[in-house]
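Some notes on the structure that comes next.
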Amino acid sequence: QVQLVESGGGSVQAGGSLRLSCAASGRTFSTYALGWFRQAPGKEREFLAAISASSGITYIGGSGRGRFSISKDDAKSTVYLQMDQLRPEDTAVYYCAANVRNVVAGYEDHYDYWGQGIQVTVSS
């Protein structure tokens, strides 16, 4: 099993930056892939970024390309989502997720464990 806890959310003005963190526990951190998703009110959950267990493969989804990046620190069992040039349309609940088969995937069905989510609000 994997337990995931997000932090670092909050309110920011458009054009600003936030770094979300997701602390993992349970299964050995360096053995599974991790991803970030978000869900805005009335919308489906959207893939943002994923990273392989070795950090050798990263994948950024359409909404985050050029603005978001993903990284992980195995010593801290933490994955990060750096978000720059934030826009009001980035307002959503952000989730991290774990894929124990180490598949870097953009589909939420590929992920086995999820955090509880954290709110990010971007004001204009």
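Sequential numbering from 1 along the given sequence is applied to the chain's residues.
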Here the pair of heavy atoms bringing Ala33 nearest to Val103 is CB-O, 3.6 Å
- prompt: Under the 3.5 angstrom rule, does the side chain of Arg67 hit a backbone N or O of Gln85 as a donor-acceptor pair?
  reply: yes
Rounded to the nearest 0.5 angstrom, the CD-OG1 distance for Gln13 and Thr121 is 12.5 Å
For Gly8 and Ile118 the tightest heavy-atom approach is N-CD1, 3.7 Å
Item to check | Any Asn99 side-chain heavy atom under 4.5 Å of Asp112 side chain | outcome: yes
Can you tell me if Glu6 uses its side chain to pair, donor with acceptor, with the backbone of Cys96 under 3.5 Å?
yes
If hydrophobic clusters are built from ILVMFWY residues whose side chains come within less than 4.5 Å, do Val93 and Val12 share one? no
Value for CZ (Arg101) from OG1 (Thr31), rounded to nearest 0.5 Å, stands at 12.0 Å
Stepwise side chain to side chain contact (heavy atoms under 4.5 Å, CB included) check, Thr78 with Cys22: CA-CA 5 Å; Thr78 300; Cys22 176; 5.6 Å; no
Next item on the list: Treating Ile, Leu, Val, Met, Phe, Trp and Tyr as nodes and any side-chain heavy-atom pair under 4.5 angstrom as an edge, say whether Phe68 and Val104 lie in one connected cluster.
Entry: no
* Indicate yes or no for a side-chain donor-acceptor contact from Thr28 to the backbone of Ser30 under 3.5 Å, with no hydrogens or angles considered. => no
So ring pair (Phe, Tyr, Trp, His ring centres under 6.0 Å) across residues 16-49, not counting sequence neighbours, yields Phe29-Tyr32, Phe37-Phe47, Phe37-Tyr111, Phe37-Trp114, Phe47-Tyr59
What one should report as the nearest heavy-atom pair of Thr91 and Ala40 is O-CB, 3.7 Å
Value for CD1 (Ile57) from CD1 (Ile51), rounded to nearest 0.5 Å, stands at 10.0 Å
Look only at the side chain of Lys72 and the backbone of Ala53, and say whether a donor-acceptor pair between them is shorter than 3.5 Å.
-> yes
Closest heavy-atom pair, Leu4 versus Ala24, reported as atoms and distance to 0.1 Å, is CD2-CB, 3.7 Å
OG of Ser63 to CD of Glu89, rounded to nearest 0.5 Å, is 9.0 Å
Problem - Arg19 and Tyr80 side chains, donor-acceptor separation under 3.5 Å - result: no
Notebook entry, point to check: Can you get from Tyr95 to Val2 by hopping between Ile, Leu, Val, Met, Phe, Trp and Tyr side chains that sit under 4.5 Å apart?
Noted result: no
Rounded to the nearest 0.5 Å, the CG atom of Leu81 sits from the CD1 atom of Ile60 at a distance of 7.5 Å
query: Do any N or O atoms from the side chain of Asp84 and from the backbone of Ser17 form a donor-acceptor pair under 3.5 angstrom?
result: no
So CE of Met83 and CG of Leu18: to nearest 0.5 Å the spacing works out to 5.0 Å
For His110 and Ala105, the nearest pair of non-hydrogen atoms, with its separation, is ND1-CB, 3.0 Å
In terms of heavy-atom contacts, Gln1 and Tyr113 come closest through CA-OH, 3.4 Å
